[in-house]
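Notes to accompany the following structure.
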There are 2 protein chains.
Amino acid sequence: MASKVTIYDIAREASVGIGTVSRVLNNHPGVTPETRKRVKDVAIRLDYQPHTYARRLARRQSETISAIIPFFTNYFFIEVLQGVQDKISQLGYDLVLYGVNNIDQVDSYISRALQRGKVDGILFFSMRLPERMVPRLKETKLPMVLVDTLSPEFDSISVANAEGAYAATTHLIELGHRSVGMVNAQLVSAPAVERLQGYKRALESHGISYSESLVKTGANNKADGFNREAGYEAIMEFINNGSEMPKAFFVSSDIQAMGVIAALSENGFRVPEDVAVVGFDDIELARHIKLTTMRQPMYQMGVLAIERLVTRMSNPDMEILHTTFSPTLIVRESCGALRRNQN
Amino acid sequence: MASKVTIYDIAREASVGIGTVSRVLNNHPGVTPETRKRVKDVAIRLDYQPHTYARRLARRQSETISAIIPFFTNYFFIEVLQGVQDKISQLGYDLVLYGVNNIDQVDSYISRALQRGKVDGILFFSMRLPERMVPRLKETKLPMVLVDTLSPEFDSISVANAEGAYAATTHLIELGHRSVGMVNAQLVSAPAVERLQGYKRALESHGISYSESLVKTGANNKADGFNREAGYEAIMEFINNGSEMPKAFFVSSDIQAMGVIAALSENGFRVPEDVAVVGFDDIELARHIKLTTMRQPMYQMGVLAIERLVTRMSNPDMEILHTTFSPTLIVRESCGALRRNQN
DNA sequence: CACTTGTTTGGAAGTGCTTCCAAAAGTTGT
DNA sequence: ACAACTTTTGGAAGCACTTCCAAACAAGTG
């Protein structure tokens, strides 16, 4: 029975008061080394385990952080989560996970995280923060950092989406393409909007005029459109329209790019010979399929998110900080650059 | 300031005792409808939020389940986790996640989960349960269910690995292959061992003799070997050995199969024309790459895992239950069956 | 109407910690 | 040896609940 040993038991066995026991257990000063050792020995002998919730109640802090994270955008978040987990357990916090499978669970998860005293901070991922929750969040003063999404009111860690899209598109243009299409996700997603902007700017700076007909978002796709099906459908729209297929595509995520490539090859277009493709994210699988893409430093973003949150917790009045990482271009085969060089 | 409203405030405002407030808030019987309404109204007016940890302390239960899950085996667990999350939040529990990036974190995470009163139950995923932890786990009587791994001492939800491997291998044999290789993960992993057995049995029942030289595990691979690199390396071993390439492979996971296919095609073997490949898991990407594979019902496994855990919690003396799902064969292009039929 | 039975209510005690304050013990200086 | 500090210690109070017991009240009975 490793069960119910409390500080009172330790106090009795060690012939000290509970205050002293508490001080020893928390490494507080003002206890003589002898007493300290005696108490520690008893604690070990009795296999004492502190009661987490009693401690949290008394200390008025929870030692936990909750993460609200879309489960439907699998491949990005899982890599960020690794960074989060490493950092968080290094700091001794607990991670309570609210995995959103369906977008309207968001409000209720935020509410749960907001329960008095429940968590010390929130990480909110990849989704648009519902406007109507902002006042409540502000009011409770709960530290929160946004990852892969933005709001002027909260700290955030994100990637320079426009810049990345600009670089990707430019890469394609510099490879000699004048007709560059884009496969985008739904514009409800902030990153999708920014990536579209970057794409447009790249065309513009190279004197190519923007044509709406070259930008497609697979219709009828679940959630935010950052998924394989959406990419597939987007290409099928070109094919079904009978409109001419661009010779190059910037695709707003790697996972969509998989669908794009599948649709292209099913319809007789070789990648990169007939159509060049550049993705975004650099998920683990991008390497496997030799996709040229914009790398987001996902693991580091996770680590930094926790660091930022902890800083904010111990320093609530700090100015709001937005950190953006610059994505880097990873050249693989799908853009055709390598083959070209070999000629 | 939505902050510090306690039941005492409500009691005062509603001119009742704290006992009554508690009864109303918890829907306990023995309060007249009028009083009940009055208290409820006050609670709403003051925007009362119960303090999670005070409640957990007093009730002596945590409303929390923790999941210890390998982050390095990405694609399987993420789908299971969706089922877990849906069921868990439907029941009103919290999920605290211990993501294992490195195998020797396991002990410390188990210890954390074991802290007195901290969680009501544990889900342990995909990893071999360390033998040395078993006595402690038994002693604390904390309900635990294993998912995708086994131990006679605890409930488990898993997949009939041997059976699945048997079916996959048999499928290949029935397609006419007499030389069927296997790419396996490290034998430290229980599923890997079972899948090897199923493979052997399939050969045996079809009168094909087992040859050790046809089974490879990529050496030098991180963690348990269920990753793309390991698959890639396994094939490279065949190539570097100069040994003859089998005409068909059963691969112990889809993610390894991706590596296998990459290695094959880099070395001039077409899939499925030259070498047929069958995987295991049916992760989302298997569809994208048209991989024939054994499907594990991952989402359902997650749901069932929570259901089992909850049952066990309310019924500690129930007999230990091992549930195995049968994987089903999903035929796509990588095994060559479809093409063959078209002839 | 007195008595029993049943329902509703208040609040003390308990949950296991931390923290603060005052008392006890120890040190130093003269 | 005593005053004046300083260090160490014990334990009450507080954290925000639940639960139990007894008191108060209401209703029913002959």
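Computed over heavy atoms, backbone and side chain alike; hydrogens, waters and symmetry mates excluded.
- At the heavy-atom level, Ser22(B) lies under 4.0 Å from base atoms of the strands shown.
- Across all strands, Thr52(A) comes closer than 4.0 Å to no nucleic acid atom at all (heavy-atom distances).
- In terms of modelled atom types and a separation under 3.5 Å, the side chain of Arg38(B) and the main chain of Ala14(B) share a donor-acceptor contact.
- Closest approach to the Ile7(A) side chain among dA16(D), dT18(C), dG10(D) is made by dT18(C) (side chain taken as heavy atoms from C-beta onward).
- One can find a donor-acceptor pair under 3.5 Å joining the base of dG10(C) and the side-chain atoms of Arg23(B).
- One finds no side-chain N or O of Arg60(B) lying less than 4.0 angstrom from the OP1 or OP2 phosphate oxygen of dT18(D).
- A close approach under 4.0 Å does not occur between any side-chain nitrogen or oxygen of Arg56(A) and OP1 or OP2 of dC15(D).
- At least one side-chain nitrogen or oxygen of Tyr48(B) sits closer than 4.0 Å to the OP1 or OP2 atom of dC17(D).
- At a non-hydrogen distance threshold of 4.0 Å, Asn26(A), His28(A) from residues 25-42 of chain A come into contact with DNA chain C.
- Five base pairs at each end of the helix from dC1(C)-dG30(D) to dT30(C)-dA1(D) define two local axes, and these are offset by 50° (rounded to 10°).
- Taking 4.0 angstrom as the limit, Arg59(A) places a side-chain polar atom (N or O) nearer than this to OP1 or OP2 of dT18(C).
- In this structure, Tyr8(B) reaches the bases: a heavy-atom distance under 4.0 Å links it to at least one base atom across the strands shown.
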